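Working notes for the structure below.
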Amino acid sequence: QVQLEESGGGSVQAGGSLRLSCTASGPLYSRYCMAWFRQAPGKSREGVAAAYATGGSTYYADSVKGRFTLSQDYAKNTLYLQMSSLKPEDTAMYYCAAGELYSGSCAYLLLRAYKYWGAGTQVTVSS
């Protein structure tokens with residue numbers, strides 16, 4: 001059983017930065033992916049970025065490429081999402097997720113591939 005806890009959300013003006021953290025408790029095996037999803041009011045939950053739980057390539061949605069960066073602290077079992085050049089359209093509840101590889105990769109950012117979810121942290125970007 002994996003438990004995930006997010007932190008670091010808040011309110012920021014457009015162009016600003018925030019760093020989200022997701023700390024996992026429980027076993028994360030090499031076959032696991034960790035990811036960030038987000039859900040804006042009235043919209044479906046969408047994948048933002050993903051990484052292999054034990055390191056390797058990272059993957060980003062087109063909407064955040066070049067602005068968001070994943071990093072990991074393996075000793076702390078923590079995944080970070082550094083968000084820069086934030087836009088009002090980035091406003092959403094951000095969720096950390098963990099799940100097994102889908103078709104051998106973390107690249108797909110598919111909702112159904114993720115079994116474990118955090119409670120979410122709110123990010124609000126004002127114009």
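These numbers come from a predicted model, not from an experiment. Excluded from the calculations below are hydrogen atoms, water molecules and symmetry mates; all remaining heavy atoms, backbone and side chain alike, are included.
One hydrophobic cluster holds both Val64 and Met34 under the rule that ILVMFWY side chains link at heavy-atom gaps under 4.5 Å. Leu4 is not connected to Leu109 by any chain of hydrophobic side-chain contacts under 4.5 Å among Ile, Leu, Val, Met, Phe, Trp and Tyr, and they are in different clusters. Side-chain heavy atoms closer than 4.5 Å link hydrophobic residues (I, L, V, M, F, W, Y) into clusters, and following such links, even through other members, never connects Tyr59 to Leu110. Note on Met93 and Leu81: separate hydrophobic clusters, where clusters join Ile, Leu, Val, Met, Phe, Trp and Tyr whose side-chain heavy atoms are under 4.5 Å apart, directly or indirectly. Using a 4.5 Å cut-off between side-chain heavy atoms of Ile, Leu, Val, Met, Phe, Trp and Tyr, with links allowed through other members, Val48 and Leu70 fall into the same hydrophobic cluster.
One finds the OG atom of Ser127 at 9.0 Å from the CD atom of Gln13 (value rounded to the nearest 0.5 Å). Taking OG of Ser25 as the reference point, atom OH of Tyr116 lies at 11.0 Å (rounded to 0.5 Å). Atom CG of Leu20 sits about 8.0 Å away from atom OG of Ser7, to the nearest 0.5 Å.
In terms of modelled atom types and a separation under 3.5 Å, the side chain of Thr124 and the main chain of Ser11 share no donor-acceptor contact. In this structure, the side chain of Gln72 does not engage the main chain of Leu79 through any donor-acceptor pair within 3.5 Å. Side-chain atoms of Asn77 come within 3.5 Å of backbone N or O of Ala24 as a donor-acceptor pair. Side-chain atoms of Thr91 come within 3.5 Å of backbone atoms of Val125 as a donor-acceptor pair (strictly under, hydrogens ignored). Formation of a donor-acceptor pair under 3.5 Å by the Gln39 side chain with backbone atoms of Ser44 is not found in this model.
Arg45 forms no cation-pi arrangement with Phe37, by the criterion of a distance under 6.0 Å to the ring centre and an angle within 45° of the ring axis.
Taking the six-membered ring where the residue is Trp, the centroids of Tyr32 and Tyr52 are separated by 6.0 Å or more. Aromatic rings of Phe68 and Trp36 (six-membered ring for Trp) have centroids beyond the 6.0 Å cut-off, not under it. Proximity of the aromatic rings of Tyr102 and Tyr108 is defined here by a centroid distance below 6.0 angstrom, and this criterion is met.
Across all their heavy atoms, Ala98 and Tyr114 have their closest contact at C-CD2, 3.5 Å. Across all non-hydrogen atoms, the minimal contact from Pro88 to Ala14 is CD-CB, 4.1 Å. Shortest non-hydrogen contact noted between Ala50 and Ala35 is CB-CB, 3.8 Å. Nearest heavy-atom pair across Ser105 and Cys33 is O-SG, 4.0 Å. Here the closest heavy-atom approach between residue Glu6 and residue Cys96 is recorded as OE2-N, 2.8 Å.
Checked against salt bridge (Lys or Arg N to Asp or Glu O under 4.0 Å), Glu100 has the following partners two or more places apart in sequence or in another chain: Arg31. Contacts of Arg67 classified as salt bridge (Lys or Arg N to Asp or Glu O under 4.0 Å), with partners at least two apart in sequence or in another chain: Asp90.
Shown here is Glu5, whose CD atom has no more than 12 heavy atoms of other residues, nucleotides or ligands within 6.0 Å. Within 6.0 Å of CD on Glu89 lie more than 12 heavy atoms contributed by other residues, nucleotides or ligands.
Between Cys22 and Tyr95 the shortest side-chain heavy-atom distance does not fall below 4.5 Å.
Side-chain contact of Arg38 with Tyr94: a donor-acceptor pair under 3.5 Å is present, judged by distance alone. Of the N and O atoms on the side chains of Thr23 and Thr78, at least one donor lies less than 3.5 Å from an acceptor on the other residue.
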Passes side-chain contact (heavy atoms from CB on, under 4.5 Å), Tyr80 versus Thr69? Steps please.
CA-CA 8 Å; Tyr80 301 101; Thr69 304; over 6 Å; no

